[in-house]
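All remarks here apply to the structure that follows.
We name chains A, B, ... by the order of the sequence lines, and we start the count at 1 in each one.
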Amino acid sequence: MRTHTCGSLTLDHVGQQVRLGGWVHRSRDLGGLVFLDLRDRTGVVQLAFGPAWSDANTLTAAAAVGVESVIVIEGTVVARAEQQRNADMSTGDIDVQVTSVRVVGAASTPAFPVAPAKGDKLPSEELRLRHRYLDLRRADLQRNLMLRHKLTQATRRFLDSRGFLELETPILTKPTPEGARDYLVPSRVHPGEFYALPQSPQIYKQLFMCAGYDRYFQIARCFRDEDLRADRQPEFTQIDIEASFVGQEDILSTAEALIAELWRTAGVPAESPFPRMTYAHAMEHYGCDRPDLRYGLELHDVTPVFAASELSFVQAAIARGERVRGLRVPGGAALSRKQTDDLEIVAKGAGASGLIVVKRTETGLDGKVAKFLAADAADQLGLAVGELGLYVAAPDHVASPALDRVRQTVAQRLELIPSDVHAFVVVTDFPMFEKDPNTGALGAVHHPFTAPHPEDLALLDSAPERARALAYDIVYDGLELGGGSIRISDSALQARIFSLLGIDDVTAQARFGFLLEALRAGAPPHGGIAFGLDRITMLLAGATSLRDVIAFPKTTAARALFEGAPSPVPAADLLELSLAVASRSGGNA
RNA sequence: GGGGGCGUAGCUCAGUUUGGUUAGAGCACUCGACUGUCACUCGAGAGGUCGCGGGUUCGAGCCCCGUCGCUCCCGCCA
């Protein structure tokens, strides 16, 4: 039906008869002459209609056709006169002089403009989602989804070339009490029983390893019924990878090479391997497990300086075994009182009881607490003239997140984040467990199948909360791209970990029996990693919302506005599923 | 579950502070003019449940209460 696509035509095609199909992007009716911009996903080309080459019917049809209508045309590619060329269009050197036009899909006036009008903002998110077929016609979204395609294809090529098998896992799976809330699917044939949509293919990929499919990957859809954010959708896509007879380095080198390949696919330079950092180092020097290394502002311990001070609240904190940590801000002494007060608000918002602020000026140390510090405190703190010091006296679990927030806020306010520099880092040696602050119970930091670090096996008995795991994250500009671990392949060790997590044998059997059984049936050492494809695409597309890289996303209330999901179902359908809708206090529809 | 922002013509927005005649603009749309435009231009016209419900008032787009939708954040997301 078509001989060419709209965006492909150039001066090389001059003189050729072409047949094109596309959407009317804009129209300009000059009376005797009519110009239509014809758009497909490859680009836009200008169609020219004139009495010298178009018959009367063609001219009339061109003048009458509405924007966003689909037309199929025949015509001749001609070079434009020099002064008529449009340097802003890739096809701006040519016109197609149309000899016949057929309106194959007349469009009613669109609910919002697809062609960008200068100065016009995007329509509201609600409207864009309700008329998603229109929004998806916009060049921005087409570019994003085409990038997504390239990234998934690059992933497949890369992993296939390294011997990974793309295998599918069930969408109807078993509910899991751990982790996020499950999306549940009622079983018709088993009244009162439910499937769950997978939060990730975690257990299935381990079963593949036990079955000998030693290199697996999947572009896997995952589902989590939690509240949404700009970077969180209820269903999302992971690049899910697992391999056997591997250690942490094998997984990481493959994962880093894949990420570098994806970045190059998007035209962003990236070289693997990436710098490494332990979790302990990241927490000590950045206060978080996914540090943004595009700028400095590292944290350091200044407890000794404050131990010698006359600040009673700091003395008391140090006596409790707490530390004083903080950061030096070059040029920060220029910040106003209001600005440093704002930083304290940020620290308090993150849970700190306060923020110690000192400035080193030409005349010495400045700030509310300066007079309680030693005369040479500025030197001890390492503060140069013009620098600001920001400190928190608190237990690490309070100070770290507060200083992380302060560090990020300072970097943004002082515009210390270079726009042309990006920073990958691999964070390793995550702890096995975290303690519930209320109950003191241990929970898995990664997931309950994560192998402990071999050097820390003895700690499982004496101090499990200090045991490290063979777990790792890949971080980019302070954002987690993905993470994984080496798994436990020994059923006795797995049972041990379950018991530390407070999962008794009966419960473990009920929840994960099929995995434990497989581990006892001859399991190779194995491990893997998973990346958030949506987030990676968003970063590489320069988008600010996952909705701009997902074709049919949900709203923050987890609704699909175009097709109207979720929706009520007929009572008969509920009956067939042995379900009844309970009314909740306050009442709902 | 909690907090913030937004909701006025098909679209993007003024108007809401301080309630008062017939709610405006640009774009889009309809009609007319126009042979080199590319955000074409020019002229004319049509287009409104001011999200929805209730209240206060002589009078509500504007004030109050409730509610719905979209969005950002906290909680949550092994």
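A distance of about 27 Å separates the P atoms of B/C73 and B/C65, rounded to the whole Å. Comparing B/C13 with B/A60, their P atoms are spaced 28 Å from each other, to the whole Å. B/C68 and B/G51: their C1' atoms are spaced 8 Å apart (whole Å). Nucleotides B/G48 and B/A9 place their C1' atoms 5 Å apart, quoted to the nearest Å. Atom C1' of B/U16 sits at a distance of 4 Å from the matching atom of B/C62, rounded to the whole Å.
A/Ser400 places no side-chain N or O within donor-acceptor distance of the main-chain N or O of A/His397, the cut-off being under 3.5 Å.
With sequence neighbours excluded, no residue forms a salt bridge (Lys or Arg N to Asp or Glu O under 4.0 Å) with A/Arg405. The ring-ring contact (aromatic ring centres under 6.0 Å, His included) search around A/Tyr286 returns none, not counting sequence neighbours. Residues passing the ring-ring contact (aromatic ring centres under 6.0 Å, His included) test with A/Phe194, sequence neighbours excluded: none. Applying the salt bridge (Lys or Arg N to Asp or Glu O under 4.0 Å) test to A/Arg132 and every residue at least two apart in sequence or in another chain returns A/Asp135. Legend: residues meeting ring-ring contact (aromatic ring centres under 6.0 Å, His included) with A/His453, ordered by chain and number and at least two apart, are absent. For A/Phe512, the ring-ring contact (aromatic ring centres under 6.0 Å, His included) partners two or more places apart in sequence, or in a different chain, are A/Phe449, A/Phe498.
The interatomic distance linking A/Gln233 (CD) with B/C72 (C1') rounds to 15 Å, in whole Å. The nearest whole Å value for the distance from the CG atom in A/Leu30 to the P atom in B/C40 is 10 Å. Regarding A/Gln46, its CD atom lies at a distance of 10 Å from the P atom of B/C40, rounded to whole Å. Between the P atom of B/C70 and the NE2 atom of A/His131 lies a distance of 14 Å, rounded to the nearest Å. B/G10 atom C1' lies 14 Å from atom CD of A/Glu68, rounded to whole Å. Rounded to a whole Å, the CG atom of A/Leu127 is 14 Å from the C1' atom of B/C13. Atom CG of A/Leu122 and atom P of B/C70 are 18 Å apart (whole Å). One interatomic measurement links the two molecules: CZ of A/Phe49 to P of B/C40, which rounds to 15 Å at whole-angstrom precision.
Place A/Arg130 and A/Ala111 on RNA chain B by their nearest nucleotides, and A/Ala111 ends up nearer the 5' end.
Ion pairing between A/Glu480 and A/Arg535 fails under the 4.0 Å rule for side-chain N and carboxylate O. With respect to A/Glu226 and A/Arg232, no salt bridge is recorded, no charged nitrogen being found less than 4.0 Å from a carboxylate O.
When both pairing distances are held under 3.5 Å, B/G66 makes a Watson-Crick or G-U pair with B/C52. Figure legend. B/G47 is base-paired to no nucleotide; pairs are counted as Watson-Crick or G-U wobble with both atom distances under 3.5 Å. With both pairing distances under 3.5 Å, B/G19 is matched to nothing as a Watson-Crick or G-U wobble pair. Look at B/G32: its Watson-Crick or wobble partner, with both distances under 3.5 angstrom, is B/C42.
Listed by first and then second residue, the salt bridge (charged side-chain N to carboxylate O under 4.0 Å, His left out) pairs involving residues 499-518 of chain A are A/Glu178-A/Arg511 (not counting sequence neighbours).
Distances shown here put a side-chain N or O of A/Arg28 below 4.0 Å from the OP1 or OP2 atom of B/C40. For B/U71, the OP1/OP2 oxygens have a side-chain nitrogen or oxygen of A/Arg547 closer than 4.0 Å.
Residue-level contact check: A/Glu125 touches the backbone only, with heavy atoms under 4.0 Å from sugar-phosphate atoms and none from bases. Among the atoms of the strands shown, none is found under 4.0 Å from any heavy atom of A/Asp225. Within the 4.0 angstrom heavy-atom criterion, base atoms lie near A/Asp95. If you check every strand for non-hydrogen atoms under 4.0 Å, A/Thr556 touches a base.
Here the side chain of A/Pro51 is nearest to one of B/G69, B/C73, B/U35, namely B/U35. Distances were taken from every side-chain heavy atom of A/Ala557 (C-beta onward) to each of B/C70, B/U71, B/G36; the shortest belongs to B/C70. Taking the side chain of A/Pro123 as heavy atoms from C-beta on, and the options B/U71, B/C38, B/C11, the nearest nucleotide is B/C11. The side chain of A/Arg26 lies closest to B/C40, out of B/C11, B/C40, B/C38. Here B/U12 is the nucleotide among B/C72, B/G36, B/U12 with the atom lying nearest to any side-chain atom of A/Lys121.
Taking the six-membered ring for Trp and the full ring otherwise, A/Tyr472 and A/Phe430 have centroids separated by 6.0 Å or more.
Side-chain to base pairing of A/Arg128 with B/C70: no donor and acceptor N or O lie closer than 3.5 Å to each other. Interface remark: the A/Glu126 side chain does not form any donor-acceptor pair with the B/U71 base, using a distance-only criterion of under 3.5 Å.
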Pairs under 3.5 angstrom, nitrogen or oxygen only, protein versus nucleotides 74-78 of chain B, please.
residue: B/C74; atom: OP2; partner: A/Arg229; partner atom: NE; Å: 3.1
residue: B/G75; atom: N7; partner: A/Arg229; partner atom: NH2; Å: 2.8
residue: B/G75; atom: O6; partner: A/Arg229; partner atom: NH1; Å: 3.1
residue: B/G75; atom: O6; partner: A/Arg229; partner atom: NH2; Å: 3.3
residue: B/G75; atom: N1; partner: A/Asp227; partner atom: OD2; Å: 2.7
residue: B/G75; atom: N2; partner: A/Asp227; partner atom: OD2; Å: 3.2
residue: B/C76; atom: O2'; partner: A/Glu226; partner atom: OE1; Å: 2.7
residue: B/C76; atom: O2; partner: A/Arg232; partner atom: NH2; Å: 3.2
residue: B/C76; atom: N3; partner: A/Arg232; partner atom: NH1; Å: 3.2
residue: B/C76; atom: N3; partner: A/Arg232; partner atom: NH2; Å: 2.8
residue: B/C76; atom: N4; partner: A/Arg229; partner atom: NH2; Å: 3.3
residue: B/C76; atom: N4; partner: A/Arg232; partner atom: NH1; Å: 3.2
residue: B/C77; atom: O2; partner: A/Arg232; partner atom: NE; Å: 3.4
residue: B/C77; atom: O2; partner: A/Arg232; partner atom: NH1; Å: 3.0
residue: B/C77; atom: N3; partner: A/Arg232; partner atom: NH1; Å: 3.0
residue: B/A78; atom: OP2; partner: A/Arg224; partner atom: NH1; Å: 3.1
residue: B/A78; atom: O4'; partner: A/Gly179; partner atom: N; Å: 3.4
residue: B/A78; atom: O3'; partner: A/Ala444; partner atom: O; Å: 3.2
residue: B/A78; atom: O2'; partner: A/Ala444; partner atom: O; Å: 3.3
residue: B/A78; atom: O2'; partner: A/Val445; partner atom: O; Å: 3.0
residue: B/A78; atom: O2'; partner: A/His446; partner atom: O; Å: 2.2

Sub-3.5 Å pairs of nitrogen or oxygen atoms, protein against nucleotides 24-30 of chain B:
none

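For the side-chain hydrogen bond (donor to acceptor under 3.5 Å, both in side chains) with A/Arg487, the lone residue among A/Gln206, A/Gln494, A/His526, A/His447 that qualifies is A/His447.
Between the side-chain ring of A/Phe112 and the base of B/C11, no stacking contact exists by the 5.5 Å and 30° definition.
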